[in-house]
Every structure is written in C-alpha cells, then in structure tokens.
Amino acid sequence: MTTITVENIKKSFGDADILKSVSLDIKDQEFTVLLGPSGCGKSTLLRIIAGLESQDSGIIKIGDRVVSHLPPRERNVAMVFQNYAVFPHMTVFENIAFGLRMKKAPEKKIKENVERTAALMHIDHLLKRYSGQLSGGQRQRVAVARALAVEPDVLLMDEPLSNLDALLRLQMRAELKSVLEASKTTTVYVTHDQVEAMSLADRIAVMNSGRIDQYDVPDEIYSNPATEYVGSFIGNPPMNFISPDYQVGTIPAGATQLGIRPEDFNVSKEARDNYWPITVLTREKLGSHQQLSAELNGQLFRVNIPNEIEIESGNTLYLMPKEDKKRWYTEGGKIIL
Amino acid sequence: MSDLSYDEILEKEVREANRKKKMWRWLFLSSVAFLVSWILFPIYLLAVNSLSSADVVNGWPKSFLPEFDMESLSFFMEYYGVLNALKNSLIAALFTMVIAIGLGTPAGYALARFDFRGKETFRMLILLTRAFPMPLLALPLAVIFINVGLDDSLFGLSLVHTALALPFSVLITSSLFLGIPVELEEAAWVLGCNRWQAFMKVVMPLALPGLTASAVFAFVISWNEVFAAAVLTVNNQTLTAFLVQSLSTSPVEVKFAGGLILILPAILFLFVVRKYLFSMWGIANR
C-alpha cells in the first residue's frame, strides 16, 4: 500500500510564493499528473516529494510514513529527470544497477532486476554501452529502467518526454503507459502538455500559480472544469467564456460567465429562435472538423463544427449552446454546480 | 557598371568574396605561425645552445643546428647543489599541488553548487589575492615566516605558492563542477547516495580529468615561481632560486643548460595533460 499524502505544503523562494498550501491525496498505484504552465510550482512540488527540495511547512507522507524530514535516499522513491541524468561514466548496466548497488542488494538480484527492467524498456541489447553512444530516446529508456529497477514505493517523473522529438514522444508515451500500468507503482508525473496528461493520468492535478485548482479524473477535468482557469488551460482550443447577457432561460444565481466547449454548440445556417447570430472571422479546416473564430457583439469565441457545413469568413452563422454542456462560473471564476 | 550583366556582377562579387576569404585565411595562418614561433623559437634556441659546446655558444657565426654536445648539460647537472635544488623544487611543487587541490576543490564545488550570502564577494576576494605582486609581499612574508619559524622550509614556501595557485584552482574547479549537471547528483541522491557518496561516485569520476589539469597547473605555478622562492629559502633553495643566485656568475653555456633543465619538466607536464587543459578551457578537442 503506497499512498502519498501531501498536507499543506508551502514553499517560497525569497518573495515568490511558489507553493501556497498545497494538499493532495494520491491513492495506491495511482498515476497522478501534475499539470500546469511553467512557473506554477509543479516541479517544485515533485522535488519536495522526492526530498530534493525542502518545504517551508507542511507534511509529506508515503504510505503511513512521514518522510518530509528525510533525505531523498531514505524515502524509497525513484525519479526520472527531464534531461535523463544517465551517468555518463557508467555502462547502461551499471546505470540501471546503481540504485540496487547502493542498497547493497545481492549480485544475483541485481543481475535479475537489471535484465528484467532492461527487457521491459527494450534496451537489453545496449547494456554494455555508455550513455554517449545512445540516442535521446534510448537514454530516456535507461533512465526509466534505472528508476524501475530499485522497485521504488513511488515513481516520480519530471517532464520525462519533453526532450524527445514529437514522433518519439508519442511512441514513448504509449509505451510508458503500458509499462507503468504493469508495474503498479504509485506515480507522480509532471508535465505542461495537456495531451500527455489526459492520455496518461488516472487523475490530473491542475496547478495554477502555487495552488491546485482541480484534482480529478481526466473526463471530469475536461467536462467540468472547476475554475475558469482550468477550462481555459485544458482543451485545444480552450473553453469559451461568454457573458450571460445573450442567454435565454434560467441563469443560476451568482453566475457571471457561461463556460462552453467549442464543440458543444447546436449550429444552424438559418436564423432560429434563441440562436445567436455570429460573424465568422476565420475558418480553419483541421481534417476531422473545422474550427471557427467568431464574434458576437465584440465577444470573441471559437467553435468547432462538422466538415459538412459550408461557411466562409464574413458569413453569419447561428449558434446555441447545448443545454447539458453549459457550465456556469462565479465572479471569482469558480464553477457553480 | 551599367553594361555588366547580372551574371557578370555576380561573378565579380563571388571573386571578390573569395579573395577576401583567402586574405583572412592567410592573415589567420600567419598570426598563428607568429604566435607559435614567439613561444617555440626561444625554446629552440635554448635547446640548441644547451646542446652545443662552449666554443660554439660563445663563437661566431651562431649555429642553428644542435651538435648534441652534452658537456654543458652534464657540467650543470654535476654542479654542486643542482640535484638538491631540483629535488626541492619537486617537493615544493608537489606540496603546492596537493594543498591547492585539497582546498580549491571544495571551494570550487561550493561556488558551483550553493547559493550563499556573499558568494560574489567571495569570488572577487579570490581574484583579489592576485592583485598584490609578489615583490610587495615577499619581505613581510619573510618576516612573518621567521617569526613563526617557517622560514627556509619547503612547506612554508609551498604555502606561498598555494596562495598563488589557489585562485586558479578554485575558479577552474568551480567551472568544472558547473559543467556537470546537478541532476546527475540528484539522481544519485534519490538512488540511495548521501552527498559524499554522490560526489565520489558520480561527480569525481567526471571531474577527474579537469581536476588533474588544474593540479598540474598548480604544480607548474610553483615550479616556475622565482621571487618568493629566492627570498624565503636559503639552504633549501628550489631550482629557480638556485639558478637566479648561482647562474648569474656562470658562463653562458651553463646558463643555457640551466634554463633548459628548468623549463623541461613544465613543458613535459603540460604536454601530457594538454588534452585536459583544452577541455577545461572549453576548446573543442577532436
């Protein structure tokens, strides 16, 4: 049973509050992604869990063990770094074996674990090489194998795929998912890439300047963004936020913004009751659908429509948000449930 | 110009560019040749004259070819006190090397890895130690050394030489450690190392070539140093101090021999570690 409990972690560097009382309950064997733009504190939180950075206040528990005062080596975690951090003066074998050697594991177990994890990451033919003789993708595999070989309670990954080129990233992402699912290790994964987060995570913690705005399964994050921030960070293009003046029907008390995803409109080329007449500014054909930038009384928003609808920029199109997809937000940007 | 076609103008410009390129190349090569001969020619003359007999050295016209006469060299080596001075030089240089690396490595590591109050001041102070010329310091130092009882000792001399070499070893090792990604250390910590183990198992092997080079640099600084050596040692003279004092009255061919013996170890040492020096100074080495 390896849960991770983060309780009221605060951290500031000088005047900058990097983490403003962050709490997180990660379940056993869960894959949690910390998602946010650079500077939101996601890497700092990961490094505090690893013990590479110390918190100003708050508690970290791994399982039932309070680890917040322990150095990294006593936390039984493993970490994969963005720049791989494969030791250049050791062979791939020695790299993967490093953690086990430090734990004084018997030679037989070292050999077993190294061979098993190397096979898992498809680098068993590279064991005698040095990191200088490996490609970026292969180094990444070594780093993951090295982390898995120590059989850690918790696996921490800091933007592990961001140094790979796009195609390789896709491939590694799929592979990581299956490897980590099989290893059943509780994992915390940091990224700024929402697609990566959506595809890998059991639960995503969306971070916004030192706070966690929402911690939930990917579907919920997408369809019920807890804050305006989450809605505009997740989704490409992001959620539209529209003032409710144009709205017919009931508006919940306190609502100042209507949040609606670009694909959640009923679309018509002819004027209809309660439909908004919008002016199309640009149209982009994206293959599976087309994306419009449109305007209504100075309010800019984006709409995804099926390919069948023929429309030119400058034309008028009639839209109505789908009733069950409307989300309402307060002045402060919080969702009204 | 107007009657030139576009192609002709283009051709002219290409020719012009080629000419410029050639000129720069020529300038570059001749500068390199000049700088190299600036260093090598005196060394060559030194070698030729040390390997020639006294008559040839003092006669006219001068020969630019050595006759491989070992007389001056062997005379010099048998000269009373030379071997002892050579030994002293070696000991002082080795002391200096060990102390400079022993103190410089931790300081360099601290500069590279930690943010502490007064870091920039510290960096400046290190450089400032080189602001006071040896002649200015030598006499007060001699007085202090006599009071403390360090006078005429090789250890005392190496302390002075360490002071000269330390700024280099601190700054060189700090840039060395800066070049080793901190994530490598962090990875080692997470995988079960404490700070010391991570340093020894990961940082040290990667820094070793550079550390060797910086050690040799300290060695050479001590080996070459004359002034402090001449002032601070009397019976335990190093080779440089010995040469300054006894060669001024020697015949010229023996001076040449002494000069050659003096520079030879430094040249050999630098030659052996030149690869590391290059990598230390960031010069591509392929």
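In what follows, chains carry the letters A, B, and so on, assigned in the order in which the sequence lines appear, proteins first and then strands, with residues in each chain numbered from 1. Below, all heavy atoms of this structure are taken into account, side chains as well, without hydrogens, waters or symmetry copies.
More than 12 heavy atoms of other residues, nucleotides or ligands shown are found within 6.0 angstrom of NZ on A:Lys20. By the neighbour-count criterion of 12 heavy atoms within 6.0 Å, atom NZ of A:Lys177 is densely surrounded, having more than that number from other residues, nucleotides or ligands. By the 6.0 Å contact criterion, CG on A:Asp165 is enclosed, its count of non-hydrogen atoms from other residues, nucleotides or ligands being greater than 12. Enclosure of atom CZ in B:Phe114 by more than 12 non-hydrogen atoms of other residues, nucleotides or ligands within 6.0 angstrom is indicated. At most 12 heavy atoms of other shown residues, nucleotides or ligands fall within 6.0 angstrom of atom CZ in B:Phe271. The environment of CZ in B:Phe155 is sparse: at most 12 heavy-atom neighbours from other residues, nucleotides or ligands sit within 6.0 Å. Other residues, nucleotides and ligands place more than 12 heavy atoms under 6.0 Å from the CZ atom of B:Phe116.
Interface remark: B:Gln197 contributes side-chain atoms only to the contact with chain A (heavy atom separation under 4.5 Å). Heavy-atom distances place the side chain of A:Phe81, and not its backbone, under 4.5 Å from chain B. With a threshold of 4.5 angstrom between heavy atoms, A:Val86 approaches chain B through N, CA, C or O but not through any side-chain atom. Interface residue B:Leu206: only side-chain heavy atoms are found under 4.5 Å from chain A. Proximity to chain B is absent for every atom of A:Arg75, based on heavy atoms less than 4.5 angstrom apart. Both the backbone and the side chain of A:Val77 come within less than 4.5 Å of a heavy atom of chain B.
Side-chain contact between B:Asn194 and A:Arg73 is present, with heavy atoms from C-beta onward closer than 4.5 Å. In this structure, B:Glu183 and A:Gln82 have side chains that are not in contact, with every pair of non-hydrogen atoms separated by 4.5 Å or more.
Here the CZ-NZ distance, from A:Arg101 to B:Lys201, works out to 9.5 Å after rounding to the nearest 0.5 Å. To the nearest 0.5 angstrom, A:His89 atom NE2 is 11.5 Å from B:Met204 atom CE. Separating the CG atom in B:Leu191 from the CE atom in A:Met79 is a distance of 11.0 Å, to the nearest 0.5 Å.
The two residues B:Trp189 and A:Leu52 make their nearest non-hydrogen contact at CE3-CD2, 3.6 Å. Residue A:Met102 comes nearest to B:Gly192 through the heavy atom pair CE-O, 3.6 Å, listed as atom of the first residue, atom of the second, then distance. Heavy-atom minimum distance, B:Val202 versus A:Phe98: CG2-CZ, 4.2 Å.
Ranked by non-hydrogen atom pairs under 4.5 Å with chain B, the options A:Pro71, A:Pro88, A:Ala50 are led by A:Pro88.
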